[in-house]
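Each residue takes its place number in the sequence, starting with 1. Since the model is a prediction, treat every value here as computed from it, not as a measurement. Start at 1 and go down the list; that is how both ligands and their atoms are numbered.
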Amino acid sequence: MKFNVMGAKIIAYGLLLGLFSAYLSVYETAQLKMTNVICKSENQSLIYVNECRLRAINRNITILNLNISMLFSSSDILLDMQILKKANGYKPWIVKTVVDICKFVKKFNNPILKVVHTISKEYSNLNHSCPYMGYQLIKGFHVYPKQLHLPFPTGDYLLTLKWIYDKRFLLTTDVYFSFTENIIDM
Ligand SMILES: *[C@@H]1O[C@H](CO)[C@@H](O)[C@H](O)[C@H]1NC(C)=O
Ligand SMILES: *[C@@H]1O[C@H](CO)[C@@H](O)[C@H](O)[C@H]1NC(C)=O
Ligand SMILES: *[C@@H]1O[C@H](CO)[C@@H](O)[C@H](O)[C@H]1NC(C)=O
Ligand SMILES: *[C@@H]1O[C@H](CO)[C@@H](O)[C@H](O)[C@H]1NC(C)=O
């Protein structure tokens with residue numbers, strides 16, 4: 001029984017590795033570009049958006065800068081994440097998950113947020129344990145397609161992040177991006 005499980009695991013890992021390298025070679029030529037970012041505070045006496053914008057570095061790359069003031073301290077933070085894909089308006093796509101941020105920054109237990117976290121931690125001051133308060137900063141954030149471990153078909157997407165502090169929904173950060181699977185063929 002144990003051997004069967006082991007065997008199955010090895011086959012599964014083999015398949016994953018195969019898929020992953022096929023995926024990497026496709027994604028070498030893929031392109032991901034953030035196209036817009038919108039931040040909205042639901043209560044400006046608690047959360048204030050100082051900066052929330054994209055800057056074009058060159059034709060292919062935009063960087064994201066965020067500077068958000070939390071005017072309170074919180075150790076109870078939920079992040080409601082969803083990716084929508086554009087098709088006659090934005091429709092829910094594969095990801096819809098709620099992450100407990102204070103648990104996440106201890107255990108990195110959500111695979112999707114972990115990808116985002118791994119990419120963004122060098123651009124932000126957000127990689128610490130709870131509580132969170134004061135300036136929440138992201139500077140110069142950008143993503144290369146091969147850093148993502150999700151298969152994105154060519155299209156326009158919206159990553160919508162709703163931040164819930166102490167059971168109160170206070171902030172939305174929406175990042176719009178386009179993904180082009182294989183620009184060489186275009
Ligand atoms: C914003 O939060 C403060 C502090 O909790 C509260 O007094 C105020 O009523 C809230 N404002 C809105 C518009 O919800
Ligand atoms: C943009 O991407 C294309 C295709 O990968 C590449 O040929 C070009 O050099 C890039 N331009 C810049 C400014 O990085
Ligand atoms: C964040 O915004 C505040 C208010 O505009 C500003 O004083 C501060 O310098 C900004 N921080 C960074 C790192 O840009
Ligand atoms: C930042 O995150 C990494 C995991 O992605 C972790 O190993 C590291 O200890 C974290 N740093 C701090 C200061 O929490």
Side-chain angles (χ1 to χ4, degrees), residues 31-84 89-93 95-150 152 156-179:
Q31 195 174 320
L32 184 151
K33 192 172 176 185
M34 290 180 284
T35 53
N36 196 12
V37 59
I38 295 172
C39 304
K40 184 167 181 279
S41 164
E42 300 295 325
N43 185 328
Q44 302 217 353
S45 57
L46 293 175
I47 290 231
Y48 197 81
V49 179
N50 301 302
E51 185 181 13
C52 171
R53 71 177 157 191
L54 297 178
R55 256 183 52 206
I57 294 296
N58 63 35
R59 204 161 55 84
N60 300 335
I61 299 174
T62 50
I63 59 166
L64 170 64
N65 288 336
L66 288 184
N67 175 342
I68 288 168
S69 300
M70 267 177 78
L71 307 170
F72 61 101
S73 166
S74 180
S75 293
D76 174 5
I77 305 171
L78 296 179
L79 173 59
D80 183 328
M81 301 171 60
Q82 186 166 15
I83 296 180
L84 300 97
Y90 283 89
K91 301 282 160 52
W93 196 53
V95 179
K96 166 78 174 159
T97 177
V98 178
V99 184
D100 180 326
I101 292 294
C102 294
K103 277 193 189 136
F104 176 78
V105 292
K106 278 191 215 146
K107 297 183 178 159
F108 304 104
N109 53 354
N110 181 290
I112 293 157
L113 189 57
K114 192 173 171 189
V115 170
V116 178
H117 172 83
T118 304
I119 301 168
S120 67
K121 65 183 178 189
E122 63 180 294
Y123 304 104
S124 82
N125 69 347
L126 304 174
N127 186 23
H128 63 78
S129 55
C130 283
Y132 279 77
M133 63 185 296
Y135 291 122
Q136 312 300 310
L137 301 168
I138 291 177
K139 289 278 168 208
F141 171 76
H142 57 277
V143 186
Y144 295 104
K146 61 183 166 188
Q147 294 174 301
L148 296 175
H149 302 271
L150 280 173
F152 283 98
D156 293 317
Y157 295 88
L158 163 59
L159 169 65
T160 183
L161 305 174
K162 294 189 189 309
W163 299 86
I164 299 143
Y165 301 88
D166 305 308
K167 319 264 186 287
R168 294 174 72 180
F169 164 48
L170 291 179
L171 178 70
T172 306
T173 46
D174 283 347
V175 181
Y176 293 80
F177 60 96
S178 64
F179 196 94

Write 'none' if nothing qualifies; otherwise put on separate lines each N/O atom of ligand 3 with a protein N/O atom under 3.5 Å away and their distance to 0.1 Å.
unit_1	atom_1	unit_2	atom_2	d
ligand 3	2 (O)	N67	OD1	3.3
ligand 3	2 (O)	N67	ND2	2.3
ligand 3	11 (N)	N67	ND2	2.9
ligand 3	14 (O)	N67	ND2	3.4
ligand 3	14 (O)	K139	NZ	3.3

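The main-chain N or O of I119 is never found under 3.5 Å from a side-chain atom of Y123 such that the two would form a donor-acceptor pair. Between the side chain of E122 and the main chain of S120, no donor-acceptor pair closer than 3.5 Å is present. In this structure, N65 contributes its side chain and G140 its backbone to a donor-acceptor pair below 3.5 Å.
Here's the thing with E42: none of its N/O atoms is less than 3.5 angstrom from an N/O atom of ligand 1.
Under the salt bridge (Lys or Arg N to Asp or Glu O under 4.0 Å) test applied with D76, the options K167, R168, K103 reduce to a single match, K167. Checking each of L113, L126, I164 against I101 for a side-chain contact (heavy atoms from CB on, under 4.5 Å) leaves exactly one that passes, namely L113.
Residue Q44 does not touch ligand 1, judged by heavy-atom distances below 4.0 Å.
With salt bridges taken as basic N to acidic carboxylate O contacts below 4.0 Å, none links K162 and E42.
The six-membered or imidazole ring of Y90 lies near that of Y176, with a centre-to-centre distance under 6.0 Å.
Residue-ligand proximity, N43 to ligand 1, at heavy-atom distances under 4.0 Å covers atoms 1 (C), 2 (O), 3 (C), 8 (C), 10 (C), 11 (N), 12 (C), 14 (O).
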